[in-house]
Amino acid sequence: FYAKEALLQLSRFGKGNVRACKIQDQPRYGWRGFMLDESRHFFGKEKVKQYLDIMASLRLNVFHWHLTDEPGWRIEIKRYPKLTTEGAVGNWHDPKAPATFYTQEEIKEIVAYAADRQIMVVPEFDMPGHATAVCRSYPEISGGGEGKWQHFTFHPCKEETFEFISNVLDEIVALFPSPYIHIGGDEVHYGNQSWFTDPEIQQFIKDKNLGNETGMEQYFIRRAADIVASKGKTMIGWDEMIDAGVSPDKAVIMWWRHDRKHQLVKALENGYRVIMTPRRPLYADFIQYGGHKVGRVWGGYNTIEDICRFPEPIIHLTRDYEDQVMGMQFSLWTERVADAKRLDYMTFPRLVAVAESAWTPAKSKECSLFMQKLPYFLQFLGEKGIYYFNPFNPESTPEPGAPDKEDVLKNG
Ligand code: ACM
């Protein structure tokens, strides 16, 4: 499959001609991924298939599908119909937008389409936080919350919560052959205010000697890890969960907090396998050019050159643990991405640089050479109908507007 893709790529560079050559090639990393958040905004199966086609051409091999979060639940679960009749209603900009979600048939179709292109699809069911869409549909398992974080968490110690999660996961594992299921675990503190006052939770913390609400969160993660393991899968979690006490045999860590490099090191020291998607430079919701006005900025932004250089600036941190580093991915959160045009613009051409970095060994990667080849990829993206940003001529590809005034340049 990859030999064919390499040949096609060479023929693009050679305008249809390929010089006689010998290719001896293998990827630097086994996990070469792209994450798409379809909870904040939903893009639908044709867009996903178009991206899978391009990913395959770039020899990217993991599609991490963020299907559940605050604004909407996006996957049909037959046992819990309110997840889609109620939980799928709304998006980041419009809490009343008509329900959008993938039926189980559509999920199967996309998973098969990806498999034909050597791409594994890894679903994310975020818990115990970012669970708003679930908990407003099934308030009996809600962990409360405050203000704009109402229903943000699952109730962390009711047996009904764990039964619900187990039942939902039964349907999810039947749809996704991937050996991994992502269960989130991030940013629980945003909306766990009720845990501090709920008598049932407080009693549980005392009875189980959990110490405090962080101990409660870690207990929840251990239970979730056991449920995932009982279904024959390995869980993936965001880097908050390295302190939860889950055995490294049962979990893979996704490192995202670029300002907490010690979390990456600690995960490796504790024996976890790690996938790297640090916000800088691997979050696609950061702007890519100084003149851009919509997106995130955090002590800088994410240029295509920064992505090409990754992971060399931090490689000294992982040097002793090469076997535990599974790979890297570009992650696109879509709070400020409401339509296909902005989706393309934030993704491309930076995803091409992700593919370059994830594939090419450090000793043969040359970012200046990559930038010389990039025009061929831009032409290819244009032929695929992608509205990409042109780093060589920024004015020629104007930035698509902000969906909303408050979306302009968000720090952090
Ligand atoms: C994350 O960005 N909350 C993983």
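This structure is a prediction, so every number in the text was calculated from the model and none was measured. For ligands, and for the atoms within them, numbers begin at 1 and follow the listed sequence.
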side-chain hydrogen bond (donor to acceptor under 3.5 Å, both in side chains) partners of E217, counting only residues at least two apart: none
Taking the cut-offs as 6.0 angstrom to the six-membered ring centre and 45 degrees off its axis, would you call R296 and Y283 a cation-pi pair? no
Pairs flagged by ring-ring contact (aromatic ring centres under 6.0 Å, His included) wherever residues 299-319 is involved - sequence neighbours left out: none
The single option from Q263, R279, R280 passing side-chain hydrogen bond (donor to acceptor under 3.5 Å, both in side chains) against H258: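 Among Q263, R279, R280, the one meeting side-chain hydrogen bond (donor to acceptor under 3.5 Å, both in side chains) with H258 is R279.
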With sequence neighbours left out, which residue pairs that include part of residues 238-349 fulfil the disulfide bond (SG atoms under 2.5 Å apart) condition?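 Sorted result for residues 238-349: C308-C367.
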Output block, N or O contacts of ligand 1, threshold 3.5 Å exclusive:
| residue | atom | partner | partner atom | Å |
| --- | --- | --- | --- | --- |
| ligand 1 | 2 (O) | Y283 | OH | 2.7 |
| ligand 1 | 3 (N) | D186 | OD2 | 2.7 |
| ligand 1 | 3 (N) | E187 | OE1 | 3.2 |

For E322, look at atom CD and say whether over 12 heavy atoms of other residues, nucleotides or ligands are found less than 6.0 Å away.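 Above 12, so yes.
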